[in-house]
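Okay, so here's the structure we're looking at.
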Amino acid sequence: MEKDASLEKPAEKSPFPANYLPAAVEPALCEKWEQGKLYHYDPSRPRKDTFVVDTPPPTVSGELHVGHVFSYVQTDILVRFQRMQGKNIFYPMGWDDNGLPTERRVQNLFGVRCDPALPYTPDYKPTGPKKDLKDYEHISRRNFLELCELQTAVDEQKYEALWRRFGLSVDWRQTYSTVGAHCRKTSQLSFLDLFEKGHVYSAEAPTLWDTTFKTAVAQAETEDREASGFFHDVKFGVEGGGEFVISTTRPELLAACIAVVAHPDDERFKPLFGKKAVTPLFSARVPIMPSYHANPEKGTGIMMICTFGDIADVEFWRKEKLPMRQLIGRDGRLVPAEFGGPLFDSADPAAANAVYAQLAGLYAKQARTRVVALLKEAGALVGDPKPTQQAVKFYEKGDMPLEFVPARQWYIKILGNKPQLLEQGKKVAWHPDYMYKRYEQWVEGLNQDWCISRQRYFGVPFPVWYPVDAEGNTEFSKPILAAPERLPLDPATDCPPGYKPEQRGLPGGFIGDPDVMDTWATSSLTPMISSRWADDKARHEKLFPADLRPQAHEIIRTWAFYTITKAWMHENSVPWHNAAISGWVVSPDKGKMSKSKGKTVTPDDLLVTYSADSLRYWAGKAKLGQDTVYDESVFKVGMRLATKLFNASKFTLMQMNGPAMAGAPALTPADITEPLDRAWVERMKALTEASGRDFANYESSAMLLYVETAFWDFCDNYLELVKNRAYSGTPAAARSACATLEWTLGVFLRLFAPFLPFITEEVWGWSYAAALKQPSVHKAAWPAAAEMAAVSGDERVLDAARKVLVAIRTKKAAEKRSVKWPVVKLNVDCGPKGAASLKLALEDVLLAGCVDKAGFSLNEAGSDDAEPVVAVELGAV
RNA sequence: GCGCGGUUAGCUCAGCGGUAGAGCGCCUCUCUUACACAGAGGAUGCCACAGGUUCAAAUCCUGUACCGCGCACCA
């Protein structure tokens with residue numbers, strides 16, 4: 001509709017901005033906070049006044065997404081509350097630039113491959129991406145590492161800028177990078193300490209192995225994936241006569257069969273125990289043994305044990321001390337094998353070798369097809385393969401099923417320490433508390449020690465060398481450990497004590513441990529990295545254990561578990577007192593948010609469309625631990641709340657500057673005399689008490705909800721009721737309203753500050769900063785009822801007033817009249833108590849409702865148990 | 001198979017012994033000393049199902065179903 005120019009209000013002489021423009025205001029406030037050193041940790045204050053956060057270091061590989069914003073904001077909200085409790089905040093930020101993601105990124109970006117055997121090239125300049133794999137430049141580990149550091153530094157700046165823009169109140173002086181010297185030193189020192197304490201050992205053993213990345217992986221990095229496979233019924237012979245059928249999904253492992261087992265009580269197979277089975281195709285004679293592992297109900301009830309199909313095979317092999325016929329090589333192909341030799345038994349070596357010749361060199365999957373064909377030819381396959389769905393173990397970042405491959409690896413002892421680790425987990429307060437169950441279940445289900453060595457290049461090397469004996473064999477049993485004061489070092493370029501560099505790799509010389517550590521071996525130390533356990537004991541004593549570990553639930557089994565483990569092993573302590581577990585952001589169809597689902601909105605895009613406050617509002621609304629739907633309509637609600645805060649604050653402050661208050665002295669609680677104002681104060685006092693309690697209990701999302709409701713009630717009802725009186729009432733009545741408004745607005749700004757740090761800070765700066773000599777709302781004290789100890793009231797006054805006001809509005813809406821339309825008659829039927837309450841606020845009610853005083857009547861003969869009845873008559877047109 | 005969450009308005013969720021709630025969306029209306037990026041008002045529910053405890057159950061207990069997740073099994 002066209003506006004009638006003659007109805008335009010005269011321009012208000014307002015000291016406040018006309019419109020709220022978050023895109024301009026928010027970045028300016030970021031700058032102000034940085035200049036004011038608002039979030040700096042103060043090392044001079046005692047531990048008991050300090051709140052220490054063990055921030056999750058985000059993986060630096062590409063882009064932050066909206067899920068990051070969600071969980072990091074949730075942490076920041078908790079931190080901001082603690083800051084307003086007067087705590088000295090230690091809130092660091094780490095960068096996880098270690099491990100495979102960075103390695104792959106740098107390879108592609110610069111067209112390089114790492115070859116640890118090469119010497120370091122000073123002043124090396126990369127030449128850029130390559131089309132062909134064969135064009136990739138091969139460079140030394142140190143050069144490769146330098147490229148990684150170069151690239152991650154660029155990414156880290158981008159991340160930091162975005163985090164600042166979202167208002168994370170991190171102390172940006174407290175940063176670390178997991179590939180930096182300090183973290184390498186800490187990781188290596190951790191290794192030495194655990195070695196000394198006997199928690200670490202190396203062993204040549206079957207290891208979970210990813211054939212694509214050609215590295216060992218830990219149990220925690222594996223995941224099950226559904227795959228379709230086939231049961232193949234394979235006929236086995238029995239030495240001395242007889243046969244039976246085994247159902248297997250991995251016939252390619254037939255050549256690696258070392259035993260056949262059935263349940264000890266299974267009558268069908270009892271007579272066979274002690275005899276030898278003869279495998280088809282290879283004629284290997286293997287023992288038939290009883291094992292509780294075999295399930296009579298499954299397959300044919302009798303199964304083969306191979307080296308190695310799964311963890312059960314490994315355990316059985318280990319327990320029975322059976323021979324190892326390792327078939328799968330590190331690249332996932334079948335290795336050469338000689339039947340009739342010491343390892344690969346066969347009653348007919350020539351035939352076995354002829355068969356195996358067709359298999360050697362094939363990938364496991366190809367070998368499977370080939371074996372099945374050969375079995376069929378040999379008449380050893382019973383019936384057709386039967387399709388089945390099975391769960392197959394994968395490395396979480398890999399595309400090929402994991403195999404068990406024997407290799408020398410470093411392990412941290414977990415299995416023997418389960419009871420202690422469960423106990424440590426119980427000492428942590430988990431939020432929500434049921435998340436402890438996940439920890440418990442994971443620890444109970446562990447079946448391997450923690451394998452910490454990886455056959456990769458980019459990562460923290462082990463500070464270990466081995467002597468090479470006169471024959472040129474590496475003596476793994478005699479590791480030479482580095483001295484702590486030399487850390488960090490790289491055994492590939494540094495030299496062990498007592499040796500000369502030119503002795504490297506020679507008989508009588510030495511060789512560096514070729515492996516790097518699992519990235520979690522470093523990540524598990526984050527609270528000790530930021531406390532500087534490795535080089536500043538005093539600081540460490542002060543900052544460890546931390547107060548809060550925020551993290552997502554899917555890494556309870558890795559990050560949380562490993563951190564608890566290391567804190568216990570190193571310091572006999574929990575790493576932190578509280579673990580706040582955030583949920584995931586899920587797409588509207590309830591799947592996990594991912595790029596493949598077409599949700600490629602970046603946080604930067606969202607900042608343009610909405611604002612930091614509005615996204616923070618969305619994150620703040622979600623309960624800890626609970627997955628949350630990505631829903632832009634919630635951003636809009638957050639946006640609206642920020643705008644409302646802006647406008648309501650502006651209006652409130654304008655009312656307080658009306659003619660009634662001109663030149664009046666500063667307001668105090670003693671000014672609050674009107675019953676309606678006191679009723680409102682009463683309500684706000686209850687609100688502040690509840691909010692502090694709920695926030696401390698990690699229930700901030702619930703608190704945001706009711707604070708928001710109260711704020712809307714403030715705008716729609718209380719403010720509407722008192723605005724006239726505040727602006728132009730009698731001096732005492734105006735002072736009462738203004739004092740209430742001033743305190744109330746200050747309370748709301750503080751209650752919202754952790755969630756909406758920008759708009760609250762902006763408004764705070766208009767009047768409170770100077771009046772209270774507290775430049776930032778984020779350093780202001782959390783509101784408390786004690787601030788209004790001198791004021792008490794009866795909330796029924798507020799309720800009575802609100803009810804009448806709502807009835808008047810309802811009538812006007814029904815009659816399609818504007819809110820300002822005059823009311824000529826108003827009658828209220830209620831009980832004596834209701835009447836008494838209403839009378840105390842009557843002036844305000846009549847004024848706010850535009851009611852003709854002469855037309856008002858009150859019938860107080862009714863019952864106080866019944867709802868009051870309000871009859872409204874509007875003026876004629 | 002075991003465990004943990006969940007199932008409430010069209011959607012997203014809060015409530016967790018005392019008259020079913022919010023926001024979004026929808027409908028109607030309204031420029032009012034801030035806010036039309038707004039406000040006022042309205043419609044909308046066998047609180048998954050079945051039993052039990054209780055004066056009283058969405059809420060507590062016991063089962064069942066379904067959804068999500070974790071763990072284990074995976075010949």
Side-chain angles (χ1 to χ4, degrees), chain A residues 1 3-4 7 9-10 12 14 16 18-20 224 226-227 229 231-234 246-250 253 260-262 293-295 298-306 309-313 388-393 432 434-447 553-554 556-557 583-584 586 588 590-591 621-623 625-629 631-634 636-637 639-655 658 701-702 705-706 708-709 712 715-716 719-720 723-724 727-728 806 808-821 850:
Chain A
M1 199 207 291
K3 277 192 177 183
D4 183 344
L7 291 177
K9 285 169 286 199
E12 190 90 39
S14 165
F16 311 113
N19 291 104
Y20 182 47
D224 286 351
E226 276 295 316
F231 277 116
H232 304 83
D233 287 355
V234 180
I246 279 179
S247 213
T248 177
T249 55
R250 295 202 65 183
L253 291 177
V260 163
V261 297
H293 171 58
N295 177 355
K298 272 208 164 164
T300 56
I302 187 162
M303 61 191 282
M304 62 175 186
I305 302 290
C306 305
D310 59 25
I311 184 75
D313 284 352
T388 176
Q389 284 300 113
Q390 51 182 170
V392 181
K393 281 226 181 300
Y434 59 78
M435 286 296 177
Y436 170 72
K437 281 274 172 195
R438 296 223 185 166
Y439 175 85
E440 183 183 75
Q441 216 173 9
W442 175 253
V443 175
E444 283 170 353
L446 278 163
N447 55 32
H553 50 63
E554 86 273 18
I556 288 176
R557 68 186 200 169
W584 276 343
V586 294
K590 300 284 162 115
K621 268 283 174 107
K623 273 202 275 199
Q626 192 153 89
D627 292 351
T628 297
V629 175
D631 184 358
E632 298 201 7
S633 73
V634 181
K636 287 184 192 156
V637 178
M639 193 84 161
R640 208 173 59 127
L641 177 60
T643 308
K644 188 74 176 177
L645 259 167
F646 175 90
N647 284 311
S649 302
K650 194 168 73 168
F651 184 54
T652 302
L653 295 172
M654 269 160 35
Q655 294 314 103
S701 61
L705 194 69
Y706 63 66
E708 198 184 352
T709 306
W712 237 253
C715 295
D716 298 342
L719 192 51
E720 287 297 324
K723 63 185 185 185
N724 298 300
Y727 193 76
S728 54
V806 168
I808 294 170
R809 282 181 193 146
T810 309
K811 180 74 174 175
K812 289 178 182 174
E815 304 272 317
K816 305 188 179 184
R817 297 295 175 214
S818 89
V819 179
K820 278 204 81 178
W821 200 267
C850 305

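All chains are named by letter (A, B, ...) in the order of the sequence lines, taking the proteins before the strands, and each is independently numbered beginning at 1.
Taking 3.5 Å as the limit, the base of B:A34 and the side chain of A:E720 contain a donor-acceptor pair of atoms between them.
The side chain of A:V629 has B:U12 as its nearest neighbour among B:U12, B:C35, B:C69. The nucleotide whose nearest atom lies closest to any side-chain atom of A:A648 is, among B:A34, B:G41, B:C2, B:A34. Among B:C37, B:A34, B:G5, the nucleotide with an atom closest to any side-chain atom of A:Y434 is B:G5. When distances run from any side-chain atom of A:S633 to the nucleotides B:C24, B:G42, B:C74, the shortest one goes to B:C24. Of the candidates B:A34, B:C37, B:C73, the closest approach to any side-chain atom of A:N447 belongs to B:C73. Comparing atom distances between the A:A813 side chain and each of B:U12, B:A40, B:U32 picks out B:A40 as nearest. Closest to the side chain of A:K644, out of B:G39, B:C74, B:C71, is B:G39. The listed nucleotides are B:A34, B:A72, B:U30; the one nearest the side chain of A:S818 is B:U30. In the set B:C74, B:U28, B:C37, B:U28 carries the atom at the smallest distance from any side-chain atom of A:K816. Out of B:G41, B:A34, B:C71, the shortest distance to the side chain of A:R809 is found at B:G41.
Comparing A:V392 and A:L705 by the nucleotide of RNA chain B whose heavy atom lies nearest to each, the residue mapping closer to the 5' end is A:L705. The 5' end of RNA chain B is approached more closely, in terms of each residue's nearest nucleotide, by A:N19 than by the other of A:N19 and A:I311.
Note on A:Q626: every side-chain N or O is 4.0 Å or more away from OP1 and OP2 of B:C13. When the side-chain nitrogen and oxygen atoms of A:K623 are compared with OP1 and OP2 of B:G15, one or more of them lie within a distance under 4.0 Å. In this structure, A:R640 reaches the B:G39 phosphate: one of its side-chain N or O atoms is under 4.0 Å from OP1 or OP2. Within the 4.0 Å cut-off from OP1 or OP2 of B:G68, not a single side-chain nitrogen or oxygen of A:H553 is found. OP1 or OP2 of B:G39 has at least one side-chain nitrogen or oxygen of A:W712 nearer than 4.0 Å.
Within 4.0 Å (heavy atoms only), A:F646 reaches no atom of the nucleic acid at all. Contact annotation for A:R250: no contact, since no heavy-atom pair falls under 4.0 Å across all strands. If you check every strand for non-hydrogen atoms under 4.0 Å, A:V637 touches sugar and phosphate atoms only. Residue A:K820 is in sugar-phosphate contact alone, with no base atom involved, counting any heavy-atom pair closer than 4.0 Å across all strands shown. Within the nucleic acid shown, A:V634 has no heavy atom closer than 4.0 Å to any nucleic acid atom.
A gap of 37 Å separates the C1' atoms of B:A56 and B:A40, to the nearest Å. A gap of 35 Å separates the C1' atoms of B:C4 and B:U19, to the nearest Å. Taking atom P in both B:U7 and B:C49, the straight-line distance is 13 Å, to the nearest Å.
With contacts defined as side-chain heavy-atom distances shorter than 4.5 Å, the pair A:R250/A:C306 does not qualify.
In this structure a side-chain-to-backbone donor-acceptor pair under 3.5 Å is missing from A:K812 to A:K820.
For A:F646, the ring pair (Phe, Tyr, Trp, His ring centres under 6.0 Å) test picks out A:Y20, A:W766, with sequence neighbours left out.
For B:C46, the O4'-C1' to base torsion is within 90° of 0; the nucleotide is therefore syn.
Nearest heavy atom pair, residue A:R438 against residue A:H553, reads NH1-ND1, 3.5 Å.
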